[in-house]
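Contents: one structure, followed by commentary.
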Amino acid sequence: MSSVETTPASAAPVVRKTTLNAVHRQMGAKMVDFNGWDMPVEYPGAIGCGIINEHMAVRTGVGIFDVSHMGDIRLAGPQALDAVQNISMNDASRLAIGQAQYSALLYPQGTFVDDVIVHRLSEDEYFLVINAGTREKDFNWVRDNTRQFNCTVENLSDDFTQIAIQGPRGVNTLQKLTDADLSKVKFYWVTRGTVCGLKNILIARTGYTAEDGFEIYIPTDEATSARVWNEILEAGKEFGVVPCGLGARNTLRLEGKLPLYGHEISDTINVWEAGLDRFCKMEKPEFIGRPALEKAKANVKRTLAGLEMIERGIARDGYKVLDSAGREIGYVTSGSPAPFLKKNIALAYVPLEFATDGTVLKVEIRGQGVGAKVVPTPFYKRPKKAA
Amino acid sequence: MAYPTDRKYTKEHEWIQPNGNTAAIGITDHAQESLGDIVFVELPKVGAELTSGKTFGTVESVKAVSDLFAPASGTVTEINGDLATSPEKVNKDAHGSWMIKISLKNPKELDSLLSSSDYDKFVAEEGGH
């Protein structure tokens, strides 16, 4: 038996570690190199974890993730808004203080530098959360393309231990540890409060699991990070909390059709192809990528489609998509068994004419065309909670 | 983990348990542990010819795809159909979950495979890399 991880790690000269690394290892997590970071992919079956259990905990209870490898950029000053507007495709002028939005940094061609969450922390202060694998590239891009504005740009990527508390019981878990009234924090809003005795902690109701949840930003000393991690696990016990690794993070975000850089979005894929139109505000003032996107709008040839396998087989990242006659028409960007939906699902770029719901296609798996059909996305949508 | 002594092992983490001129083949507990939740097992048909060292099937976890390598040459006489619907049985009991049975072409091929204690040592060394 020889094993191939379906999301290959990129070669990196130095393996970086989050402040929770020792905690993960102590818990017996299976570690992988993820974009140069030594990160847990899943926790051991012996303590009740494993990708499927971790995934299910987030859908039905609560799971916590170390996401300290994510990067952070702070823009502050009289022209911080103008700077953010110039480099991102969503309309940051619509953000109230304490509100956040999904957005993306674009190249002039209308393709992706990265996707980001933009938080407005105060009148002239914005906080961008970016991907681990693109930290340096993103920071340089932001700094270089905001020089004309009167604002400071700081790379705060190493300043926080970031923990995500995700799932319908995330709110109950975190509420036990903070004085902030979380019931008043809406999805994609932030607040500050004391968490585990630490004052003035940034608490955002955000995540990457297609579930309700929070992300907290705490100081990076190892002892504090470990203490908070363990206190959350303790507080969440009554809700069935489990620690979750990158494996579950990937299957959760895939069920929710949340893009992953290097897969659904990249420097060769534009906004229209990725289907992120609703986060791209063409009516706002000039921003990098807009002129190219205006031109590209009438010329979209491929789109990101959701596939569900209708024959026995699992589509994986990079597999070819074939039409019913066996002709190659596209490729899978992400594919996996979906633990909550109990189906084998995939996202794939295919020509528009093959992207209609119900279209029967094939995915080439080890030389064989295996049946799949186009289905509506997101595959999973969390139930709306009665207020 | 104590690996059963009634069988031989490969460096690709398969086990083969001989019974006269036939043998059962599966993957080791170490293999299931490193794969994680197993969700798919693809096996050859009865009558298929296996060549020692060549792939004969695939096992997939949520995260990974792995080829299965034949520990010995022979003809498939039986497949464990249970694993098509309950692949997680391999996680629960890897050494009790045979995948295929074959009639051995040359039982002597097993002599060159790892013993239980050799495999144990091999896994310990591999784990240290």
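In what follows, every chain begins at residue 1, and chains take the letters A, B, ... in the order their sequences are listed. Worth knowing before you read on, the calculation uses all heavy atoms, side chains too, and leaves out hydrogens, waters and symmetry mates.
Of the inter-residue distances, the one linking K63(B) atom NZ with L246(A) atom CG reads 7.0 Å to the nearest 0.5 angstrom. How far CD1 of I52(A) is from CG of N91(B): 8.0 Å, rounded to the nearest 0.5 Å.
Here the shortest heavy-atom pairing between V62(B) and I51(A) reads CG1-CG2, 3.7 Å.
Residues of residues 41-53 of chain B that come within less than 4.5 angstrom of chain A, heavy atom to heavy atom, are V41(B), E42(B) in numerical order.
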- Could you walk me through whether R366(A) and E60(B) pass the salt bridge (charged side-chain N to carboxylate O under 4.0 Å, His left out) check? CA-CA 13 Å; R366(A) 294 180 283 280; E60(B) 299 194 36; 3.1 Å; yes
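Applying the side chain to side chain donor-acceptor pair (under 3.5 Å) test to pairs two or more places apart or on separate chains, those with a residue in residues 370-379 of chain A are K257(A)-T377(A).
Scored by the ring pair (Phe, Tyr, Trp, His ring centres under 6.0 Å) test, F239(A) finds no partners at all (sequence neighbours excluded).
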Distance-only donor-acceptor pairs under 3.5 Å for side chains of residues 55-64 of chain A, two or more places apart:
residue	atom	partner	partner atom	Å
H55(A)	ND1	T251(A)	OG1	2.8
H55(A)	NE2	E255(A)	OE1	2.8
H55(A)	NE2	E255(A)	OE2	3.2
R59(A)	NE	E255(A)	OE1	2.9
R59(A)	NH1	T209(A)	O	2.8
R59(A)	NH1	E211(A)	OE1	2.8
R59(A)	NH2	T209(A)	O	3.3
R59(A)	NH2	L252(A)	O	3.2
R59(A)	NH2	E255(A)	OE1	3.0
T60(A)	OG1	M56(A)	O	2.7

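When heavy atoms are compared at a cutoff of 4.5 Å, T55(B) does not approach chain A at all.
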